[in-house]
Engineer: 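There's a structure below that I have some questions on.
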Amino acid sequence: MLNKLFYGDNLEVLRRHIKDESVDLCYIDPPFNSKRNYNQIYNNVGREDRAQAQAFIDTWTWDDFANQGLAEILENYLGHFTSQSIDLISGLTKVLGKDSLLAYLISMTLRVAEIYRVLKPTGSFYLHCDPTASHYLKLVLDAVFCPQGGDFQNEIIWKRTTNAGSSKSIANKFPSNADIILFYTKSESYIFNKIFTEYSEKYKARYNKQDERGLYYLDNLKTYSEERLKKLISENRIEYTRKGTPRIKNYLHEGKGIILDNVWTDIQSLNSQAKERLGYPTQKPEVLLERIIQASSDKGDVILDAYCGCGTTVAVSQRLDRKWIGIDITYQSISLILKRLEDSFCEGVLTEIELNGIPKDIDSAIALANKKDDRTRKEFEKWAVLTYTNNRAIVNQKKGA
Ligand SMILES: C[S@@+](CC[C@H](N)C(=O)[O-])C[C@H]1O[C@@H](n2cnc3c(N)ncnc32)[C@H](O)[C@@H]1O
C-alpha cells in the first residue's frame with residue numbers, strides 16, 4: 001500500500017475513501033473547543049521573513065453543518081451510529097442547547113463513528129484533547145466504542161511543561177498544564193507493546209550493593225520451591241539476612257526500566273527553540289507520537305491521523321516503518337507535510353505517497369477557486385502559491401490573494 005495524504009474534510013474523506021477495517025491505529029488531535037485563536041506563524045530564515053496566516057479559529061458556532069450533522073445522527077445516516085450515540089446527542093441537545101459545545105460534539109460524533117468503522121478489529125484509537133471538553137468527549141467515545149465490543153483503556157495525562165508559567169500569568173486557580181489523551185480499542189484483543197522508561201537517579205539509589213555482576217539490591221523472595229532456591233544459590237543470586245531469611249539479588253542491568261503509566265511527565269511541549277519546530281502552533285512533539293505508535297502498532301501497520309496538521313504522526317510513522325494515511329482540510333498543512341517529508345527523508349519519499357484531493361487539472365483548480373465551503377479561507381490562493389514554489393513560499397494572510 002502507498003502512503004496516502006488527503007486534502008479535504010476528514011468526514012468526507014473517511015466516508016468516501018477509507019475502507020472498513022483497514023487501519024491499525026488512529027490518533028487524532030482535533031481543534032479543541034477552547035475558544036483559542038491560532039495564528040500560524042511560518043518561520044523562515046530570519047525574523048524579517050516571518051509572515052502570519054490564520055489557519056483556523058478554534059471556536060465553534062451553531063451553523064448549517066451542525067444542523068446537518070445533528071440530523072444525520074438522529075436519522076442514523078448510513079446506519080453508522082449506535083443507539084447510545086443517538087440517545088446521547090439527543091439528550092445533550094436538551095442539556096446544552098444548540099450552541100458551540102454541541103456543534104463541536106456533533107462534529108466529533110460524526111467522525112469518531114467513521115474512525116470506529118475503519119479500525120481493524122485489533123485496532124486502537126487515541127483522541128488528544130484538553131479538559132475543556134474531555135469529559136463530554138469520553139461520553140461520545142463510550143457511546144461509539146463500548147456498545148460494539150470496544151473498550152476504554154486509559155485516560156493519559158500529558159503534563160506539557162515542567163513550569164506552568166510565571167506567577168503573573170496565573171489566575172486564582174491551579175495553572176492548567178495538561179492535555180488529555182483518551183485511549184480506546186475496538187475489541188478486547190489488540191496490539192499493545194509495554195513501554196519502559198529509564199530509572200530515575202533516585203530510584204537507582206536503591207541498588208546500593210555491588211558484586212562482580214554489577215549493582216544490585218536485596219529483594220524479598222516471594223514464593224519459591226526448594227529446587228528454585230538451590231538453583232539461585234548455585235548462581236550466586238542469594239544472600240541471607242541475619243535471621244537466616246534468603247533474599248534475592250535484584251540487578252540494575254537486568255531491569256527493563258520503570259513501566260510507563262498513564263501520567264506522562266517526561267515529554268516537553270515544543271518551545272520556540274525546539275529543533276523540530278516548524279512554526280505550526282499546535283505541532284506536537286515527535287516523542288509523544290513515537291510513544292503512542294510504538295505502544296499500539298507494529299512495523300508495517302497502517303496509522304491514520306485524520307487531523308494531521310503539520311504531519312507529526314505522518315513523519316514518525318514514516319521513520320518507524322509504518323504505513324500512514326494523513327488528512328487535513330488546509331492546504332498549508334499538506335504543503336508543510338510534503339516539505340517536512342522531503343527535508344527529513346530521502347528524495348524518493350514523495351514518490352511513495354498517493355496525493356488525493358489536490359487539483360490536478362484546470363477544472364478541479366477552478367472548482368477549488370469557486371468552492372462555496374471555504375471555511376479555511378483562501379484555499380485556492382494558498383494551493384496555487386505553494387504549489388508553484390514547490391512548497392517553499394511563505395503565505396502572508398494579510399496581503400490576500
Ligand atoms: C490541532 S491541529 C493538529 C496538529 C498535529 N497533531 C501536529 O502535530 O501537527 C488540528 C488540525 O486539524 C485540521 N482540521 C480541522 N478540521 C478538519 C477537518 N474537518 N478535516 C480535516 N482536517 C481538519 C486543521 O487544519 C489542523 O491542521
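These values consider heavy atoms only, across backbone and side chains, with no hydrogens, waters or symmetry-generated copies. Counting starts at 1 for both ligands and their atoms, in listed order. The first residue of the sequence shown is numbered 1, and numbering continues consecutively from there.
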Engineer: So is R111 close enough to ligand 1, meaning a heavy atom under 4.0 angstrom away?
Structural biologist: yes

Engineer: I want to know if ligand 1 touches C310 in the polar sense, i.e. an N/O pair below 3.5 angstrom.
Structural biologist: yes

Engineer: Please report whether ligand 1 has a polar contact with K284, defined as an N or O pair separated by less than 3.5 Å (distance criterion only).
Structural biologist: yes

Engineer: Could you tell me whether E354 and K323 make a salt bridge, using a distance below 4.0 angstrom between a side-chain N and a carboxylate O?
Structural biologist: no

Engineer: Any idea which atoms of ligand 1 are less than 4.0 Å away from a heavy-atom of Q283?
Structural biologist: 7 (C), 8 (O), 9 (O)

Engineer: With a cut-off of 4.0 Å, which atoms of ligand 1 are near a heavy atom of T330?
Structural biologist: 25 (O)

Engineer: Can you find an N or O of T312 that's nearer than 3.5 Å to an N or O of ligand 1?
Structural biologist: yes

Engineer: Quick one: does any side-chain atom of E188 pair with a main-chain N or O of G150 as donor and acceptor, under 3.5 Å?
Structural biologist: no

Engineer: Going by the order shown, which atoms of ligand 1 are within less than 4.0 Å of some heavy atom of A306?
Structural biologist: 21 (C), 22 (N)

Engineer: Has the side chain of T389 got a donor or acceptor atom that lies under 3.5 Å from a matching backbone atom of V385?
Structural biologist: yes

Engineer: Below 4.0 angstrom from a heavy atom of G8, which ligand 1 atoms are there? Numbered from 1 as shown, please.
Structural biologist: 20 (N), 21 (C)

Engineer: For Y216, what residues pass the ring pair (Phe, Tyr, Trp, His ring centres under 6.0 Å) criterion, not counting sequence neighbours?
Structural biologist: Y251

Engineer: Would you kindly specify which portion of S333 sits under 4.0 Å from ligand 1, judged on non-hydrogen atoms: side chain, backbone, both or neither?
Structural biologist: side chain

Engineer: Does any N/O atom on I329 come nearer than 3.5 Å to any N/O atom on ligand 1?
Structural biologist: yes

Engineer: From the options L14, D328, I18, I358, select the one residue that forms a side chain to side chain contact (heavy atoms under 4.5 Å, CB included) with F6.
Structural biologist: I18

Engineer: Can E286 and R319 be counted as an ion pair, charged N to O under 4.0 angstrom?
Structural biologist: yes

Engineer: Within 45 degrees of the axis of the six-membered ring of Y116 and under 6.0 Å from its centre: does K186 put its NZ or CZ there?
Structural biologist: yes

Engineer: Is S107 near ligand 1, meaning one of its heavy atoms is under 4.0 Å from it?
Structural biologist: no

Engineer: Table please: side-chain donor-acceptor pairs of residues 137-148 below 3.5 Å, with sequence neighbours left out.
Structural biologist:
| unit_1 | atom_1 | unit_2 | atom_2 | d |
| --- | --- | --- | --- | --- |
| D142 | OD1 | Y184 | OH | 2.6 |
| Q148 | NE2 | V144 | O | 2.8 |

Engineer: Is there any N or O on D305 that sits under 3.5 Å from an N or O of ligand 1?
Structural biologist: no

Engineer: Identify, by atom number and element, the atoms of ligand 1 in contact range of P31, meaning under 4.0 Å from any of its heavy atoms.
Structural biologist: 15 (C)

Engineer: Can you tell which part of H128 has a heavy atom less than 4.0 Å from ligand 1: side chain, backbone, both or neither?
Structural biologist: neither

Engineer: Looking only at atom types and distance, does a side-chain atom of S335 sit under 3.5 Å from a main-chain N or O of Y331, one as donor and one as acceptor?
Structural biologist: no

Engineer: Pick, from L278, D328, L14, the option with the minimum heavy-atom distance to atom 13 (C) of ligand 1.
Structural biologist: D328

Engineer: Show me which atoms of ligand 1 lie under 4.0 Å from any heavy atom of N10.
Structural biologist: 18 (C), 19 (N), 20 (N), 21 (C)

Engineer: Looking at R117 and D20, is any side-chain nitrogen of the basic one under 4.0 Å from a carboxylate oxygen of the acidic one?
Structural biologist: yes

